[in-house]
Q: 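To start, I am sharing the structure in question, which I have written as structure tokens.
Every heavy atom of this structure was used, including side-chain atoms; hydrogens, water molecules and symmetry mates were not. Every chain is numbered from 1, with letters handed out A, B, ... down the list of sequences.
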Amino acid sequence: MKLLTLNFLTCARKTCKSTAAAFPLHPKEAELEQVEMDMNPLFITNMLPRLEWEAMKTLTTELGLPNLPAEPPSAEELADESGEPTQTLKDLHTLLMETSIASGKLVCGNCEHEYAVKEGIANFLLPSHMV
Amino acid sequence: MAEVEYRGENYEEQHVHTVYEQIASHFSSTRYKPWPIIERFLKELPAGSVGLDIGCGNGKYLAVNPSIFLVGSDRSHNLAEIAAQHQPHSVVVADILDLPHQPHCFDFAISIAVVHHLSTPERRVQAIRSIVESLKPGGKALVYVWALEQESSRRGWSEQDTQDVMVPWVMRGSKKDHGDRHEANGGHSHSSDKTFHRYYHLYRKGELEQDVHAADGCVIDAGYEKDNWWAIAEPTQR
Ligand SMILES: [Zn+2]
């Protein structure tokens with residue numbers, strides 16, 4: 001599952017869901033893979049304000065990926081004068097859309113429950129005693 | 001009906017989840033054409049919109065608009081695996097009543113042919129609450145459920161019929177013609193055919209809107225299309 005997904009996931013337990021500690025989930029023993037994908041500059045540009053930059057910074061650090069800049073790039077940094085995508089946008093595409101967790105675990109920072117990721121698919125079904 | 005007492009999570013495990021897990025690939029091969037209202041809802045979303053497809057099945061709606069991002073979820077691992085092939089989106093295995101998403105965060109959500117599989121009135125309202133809760137203020141959710149009123153369909157149910165039904169799914173055994181589905185008692189089933197029964201609650205006119213209100217949503221549009229009731233809901237402003 002691509003890294004962008006982690007921006008939209010938290011712990012499935014009701015008691016965790018609205019706590020700040022549950023987001024983002026922390027990758028553990030994560031096996032990464034690069035999956036090539038067509039770049040959609042308009043999508044990246046429009047989606048950027050929805051990105052929790054602090055969370056993405058935490059994730060890249062935890063996954064041992066190159067550090068993100070302290071602040072999210074502005075819209076002007078994503079396209080050059082002729083409207084072509086800049087390297088900044090290309091890098092975001094590579095990080096968010098092409099970098100994927102193939103397997104591992106996602107750990108809740110609040111309750112410490114671990115969700116398994118297998119073949120790129122995370123499983124959020126809770127054992128019945130945890131629902 | 002004494003049987004009603006036993007409905008709930010375990011009942012759905014047996015009469016919905018286990019069935020989908022077993023029929024996943026055959027089911028998927030019969031589900032490829034998006035319905036027009038759903039297609040339009042997704043196509044009208046501005047580029048960069050982020051939303052959920054709750055109970056995404058084989059993910060046929062993930063392919064509609066490549067400029068939005070969808071996190072699909074399904075209770076069936078086998079269906080999620082099929083759905084995950086639709087890039088650039090993502091798919092997780094999750095339960096509609098315990099979704100792994102931040103509340104009040106998404107631009108839109110769709111939940112197509114899912115809520116009717118929950119087996120008590122409370123759980124259906126809870127499911128819709130779960131959908132509506134995921135939306136940011138002004139976000140929109142499109143919900144589709146099977147209608148009781150389908151006199152013109154080959155199933156022929158009408159207002160007088162019971163709303164809680166078991167619907168057969170026939171998986172052809174040896175025959176080559178996969179994708180052809182017929183009633184269990186249609187008279188021409190083969191011995192190698194396997195019939196599965198899924199639980200459905202068939203919605204009555206007006207019932208979906210009621211459930212949306214009970215789930216703190218407001219209905220901004222609703223209608224009937226090909227044996228289904230649908231509604232577009234927004235979170236009620238507080
Ligand atoms: Zn948790």
Q: Listed by chain and number, what are the side-chain contact (heavy atoms from CB on, under 4.5 Å) partners of B/Pro235, not counting sequence neighbours?
A: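 Counting only residues at least two positions away or on another chain, B/Pro235 forms a side-chain contact (heavy atoms from CB on, under 4.5 Å) with B/Val132, B/Leu135.
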
Q: Check side chain to side chain donor-acceptor pair (under 3.5 Å) between B/Arg204 and all other residues, then give those that pass, not counting sequence neighbours.
A: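 B/Arg204: side chain to side chain donor-acceptor pair (under 3.5 Å) contacts with B/Gln163.
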
Q: Is there a side-chain contact between A/Leu95 and A/Leu68, using heavy atoms and a 4.5 Å cut-off?
A: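 Yes, their side chains come closer than 4.5 Å.
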
Q: Do the non-hydrogen side-chain atoms of A/Leu4 and A/Leu51 ever get within less than 4.5 Å of each other?
A: yes

Q: What part of B/Phe69 is in contact with chain A, defined as an atom under 4.5 angstrom from a non-hydrogen atom: side chain, backbone, both or neither?
A: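 Backbone plus side chain of B/Phe69, per the 4.5 Å heavy-atom cut-off to chain A.
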
Q: Heavy-atom cut-off 4.5 Å, strictly under: side chain, backbone, both or neither for A/Phe8 against chain B?
A: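 The answer is both parts of A/Phe8.
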
Q: Below 4.5 Å from any heavy atom of chain A, which atoms of B/Ala47 appear? Answer side chain, backbone, both or neither.
A: both

Q: Taking the side chain as everything from C-beta on, heavy atoms only, tell me whether A/Pro27 gets closer than 4.5 Å to A/Leu59.
A: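 Sidechains of A/Leu59 and A/Pro27: in contact.
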
Q: Mind checking whether B/Ser111 and B/Ile96 have side chains closer than 4.5 Å, heavy atoms only?
A: yes

Q: In the structure I gave you, are the side-chain heavy atoms of B/Leu70 and B/Tyr61 within less than 4.5 Å of one another anywhere?
A: no

Q: What's the separation between atom CG in A/Leu3 and atom CG in A/Leu32, rounded to the nearest 0.5 Å?
A: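 The distance works out to 6.5 Å.
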
Q: Tell me whether the rings of B/Trp230 and B/Tyr144 are parallel (<30°), tilted (30 to 60°) or perpendicular (>60°).
A: parallel

Q: Please flag which part of B/Leu52 lies under 4.5 Å from any non-hydrogen atom of chain A: side chain, backbone, both or neither.
A: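 Interface part for B/Leu52: neither.
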
Q: Does B/Trp229 have its ring centroid less than 6.0 Å away from the ring centroid of B/Tyr203?
A: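 Aromatic pair excluded; centres sit 6.0 Å or further apart.
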
Q: Hey, which residues of residues 207-214 of chain B are touching chain A, say heavy atoms under 4.5 Å apart?
A: none

Q: Could you look at B/Val92 and say if it's the side chain, the backbone, both or neither that has a heavy atom under 4.5 Å from chain A?
A: both

Q: Please classify the contact of A/Leu126 with chain B as side chain, backbone, both or neither, using a heavy-atom distance under 4.5 Å.
A: side chain

Q: Short question: side chain of B/His201, backbone of B/Thr120 - any donor-acceptor pair under 3.5 Å?
A: no

Q: Heavy-atom distance under 4.5 Å between the side chains of A/Leu25 and A/Phe124, does that happen here?
A: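 Touching, per the 4.5 Å side-chain cut-off.
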
Q: For chain B and chain A, what donor-acceptor pairs lie under 3.5 Å, backbone included?
A:
residue, atom, partner, partner atom, Å
B/Ala47, O, A/Asn46, ND2, 2.8
B/Gly48, O, A/Arg50, NH1, 3.3
B/Pro66, O, A/Asn40, ND2, 3.4
B/Ser67, OG, A/Asn40, ND2, 3.2
B/Gln87, OE1, A/Lys2, NZ, 2.9
B/Pro88, O, A/Lys2, NZ, 3.0
B/His89, O, A/Lys2, NZ, 3.0
B/Ser90, OG, A/Thr5, OG1, 2.5
B/Val93, N, A/Ala122, O, 2.9
B/Val93, O, A/Phe124, N, 2.7
B/Leu97, O, A/Lys14, NZ, 2.7
B/Asp98, OD1, A/Lys14, NZ, 2.7
B/Leu99, O, A/Lys17, NZ, 2.9
B/Pro100, O, A/Thr10, N, 2.8
B/His101, ND1, A/Phe8, O, 2.9
B/Gln102, NE2, A/Asn7, O, 3.0
B/Asp107, OD1, A/Arg50, NE, 3.4
B/Asp107, OD1, A/Arg50, NH2, 3.2
B/Asp107, OD2, A/Arg50, NE, 2.6
B/Asp107, OD2, A/Arg50, NH2, 3.0

